[in-house]
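Proteins come first, then strands; the chains are lettered A, B, ... in the order of their sequence lines, and each starts at number 1.
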There are 2 protein chains.
Amino acid sequence: MTRPQTTRRKRANGVESRQRILDAAVEIAGERGYEGTSIAAVSAKCGLPASSIYWHFKDKDDLIAAVIERSFETWLTALVLPGEETGTPLERATAMAANVAKALVDAPDFLRLGLMLALERRPVEPRGRTVFLQVREISRRRIGEVIRTLAPDLDEDAAHTLADYAVAGADGLFIHREIAGDAFDLVAMFALHARLVYEAALRMTARSGG
Amino acid sequence: MTRPQTTRRKRANGVESRQRILDAAVEIAGERGYEGTSIAAVSAKCGLPASSIYWHFKDKDDLIAAVIERSFETWLTALVLPGEETGTPLERATAMAANVAKALVDAPDFLRLGLMLALERRPVEPRGRTVFLQVREISRRRIGEVIRTLAPDLDEDAAHTLADYAVAGADGLFIHREIAGDAFDLVAMFALHARLVYEAALRMTARSGG
DNA sequence: CTCCAATTGGAATGATCGCTACAGCAAGAG
DNA sequence: CTCTTGCTGTAGCGATCATTCCAATTGGAG
């Protein structure tokens, strides 16, 4: 169990093979969904035999979960959050939304696959679906915090509702871009979305507070 | 070809069998997606042998397309559009959105399955996906017309953008309800969505027009 | 009755499914 | 050198896949 810290990882393939398998799997799963992702197809696409896939991953469910996890990390890496001294609160909110949209354009696999899994309701839930829903829930809470920061006088229910509305809108806009293609400017639409949510928060505050 | 108009449809099953097959198929397809819908599973659920399914439908793709078409008709039947003399334009818009949401709660299969198919990008596109995208495009145009009616001075680009935003929001809110369950009040959220879009249209009109 | 068309039942097709068993090979450790 | 570990290659397991074939069955038309 004492693993040697000297740089040994060169004898066959190892880490690189795992990446190749995940690369192939994310492509096929994004095309055909959970059930449509066959081990044989992944094997053919990455050039490694099925036994290698099963050496790296326990079973198909484990593979899909790993795909979700890695594509989420890829998306997180692509996501650059702006500094805090940018301008008005509205400008900061729209800039943040625009950066999320940019990351989604650069790394769409996470949300595409996650939404596919989220819409399915099979008797035994795939682990990848659970992972996605957890990440989604965390995002929802974070958006809720941002909303409460930007509109501190908003009551709890309204902030919760607006956070739900914000994530739902993000999902919907992403899907619309997946359908409509590059012609749909996701970054601009996310900025618009952020503005509408922000203005709604202001109006709701004024209504309940005054 | 001269089909007898006397009520003969009683000898084996015919029309009823077709409905039973579609009932089973919509349930399984809504659970497991396109690839996960096996003829054997549909056969087991509806009690009819596979040969009956293939007598009624050309192949699996034809079956899924029929499922989409019928669930769309079911949704259209559940959709009651309000009369035109209800109140302010805003009230009419929110009432319309609420009715769409109610129909989605009562008949969610169409949008659930349609979005599942829409997210997939398999090399040979299922006919059901094409059907769904066409219906969706028609809806988008209709929403654009409503927006132009409610905000006649809005320029064409802004109306188009808001129509995209409206359908995307509807999709996203629907998905959020599929994930969160009955605790998420889809009708109220659709009403809120309609209000935000409406107010955005007014603001955009004021900005460009004045 | 006979005949025909509409359905169903059941069995079978070859292909593909997820997954496993196991031998082979390359390289670091002793 | 040998031994172990990490990974690949081949073959194959039983199950299930979409689809087809064809022999019943059933009720209306003649």
Item to check | A:A50 side chain, from C-beta outward: closest of D:dT10, C:dC19, D:dT19 | outcome: C:dC19
Next on the checklist: Any base atoms under 4.0 Å from A:T37, or only sugar-phosphate, or nothing? Heavy atoms, all strands.
Outcome noted: sugar-phosphate
Checklist entry - Between A:H56 and D:dT8, does any side-chain N or O lie under 4.0 Å from OP1 or OP2? => result yes
Checklist entry - Quick one: A:I53 CD1 to D:dG6 P, roughly how many Å, whole number? => result 20 Å
Checklist outcome for this item: Hits for salt bridge (Lys or Arg N to Asp or Glu O under 4.0 Å) against B:R121, two or more places apart or cross-chain, chain-then-number order -> A:E178
Checklist entry - With sequence neighbours excluded, what pairs up with A:H176 under the ring-ring contact (aromatic ring centres under 6.0 Å, His included) test? => result A:F184
Polar atom pairs (N or O), protein with nucleotides 12-14 of chain C, under 3.5 Å:
none

Checklist entry - Atom OH of A:Y54 and atom C1' of D:dT10: how far apart are they, to the nearest Å? => result 16 Å
Next on the checklist: Output the rounded distance in Å from OH (A:Y34) to P (C:dC17).
Outcome noted: 15 Å
Next on the checklist: If the threshold is 4.0 Å, N to carboxylate O, is there a salt bridge linking A:E27 and A:K45?
Outcome noted: yes
Item to check | Donor/acceptor link under 3.5 angstrom from A:S38 side chain onto base of C:dG18 | outcome: no
Item to check | Under 4.0 angstrom between A:S52 side-chain N/O and D:dT8 OP1 or OP2 | outcome: yes
Next on the checklist: Expressed as a whole number of angstroms, how long is the span from B:I39:CD1 to D:dT16:P?
Outcome noted: 16 Å
Checklist entry - Are A:F132 and A:F110 an aromatic pair by the rule of ring centers under 6.0 Å? => result yes
Next on the checklist: If the test is side-chain contact (heavy atoms from CB on, under 4.5 Å), which one of B:L115, B:L113, B:D109 qualifies with B:L111?
Outcome noted: B:L115
Next on the checklist: Checking contacts here: which listed nucleotide (C:dC19, D:dA18, D:dT10) is nearest the side-chain heavy atoms of B:K60?
Outcome noted: D:dA18
Checklist entry - Within the structure, does a side-chain N or O atom of B:S17 lie under 4.0 Å from either OP1 or OP2 of C:dT8? => result yes
Next on the checklist: Rounded to whole Å, how long is the line connecting atom CZ of A:R32 with atom C1' of C:dT16?
Outcome noted: 12 Å
Checklist entry - Rounded to whole angstrom units, what separation is found between the CZ atom of A:R18 and the P atom of D:dT8? => result 13 Å
Checklist entry - Given atom NZ of A:K58 and atom C1' of C:dC19, what is their separation to the nearest angstrom? => result 12 Å
Checklist entry - Are B:E145 and B:R148 close enough for a salt bridge, meaning some N to O gap below 4.0 Å? => result no
Checklist entry - Any ion pair linking A:R177 and A:D185 (charged N to carboxylate O, less than 4.0 Å)? => result no
Item to check | Atom pair distance, as rounded to whole Å: CH2 in A:W55 and P in C:dC25 | outcome: 19 Å
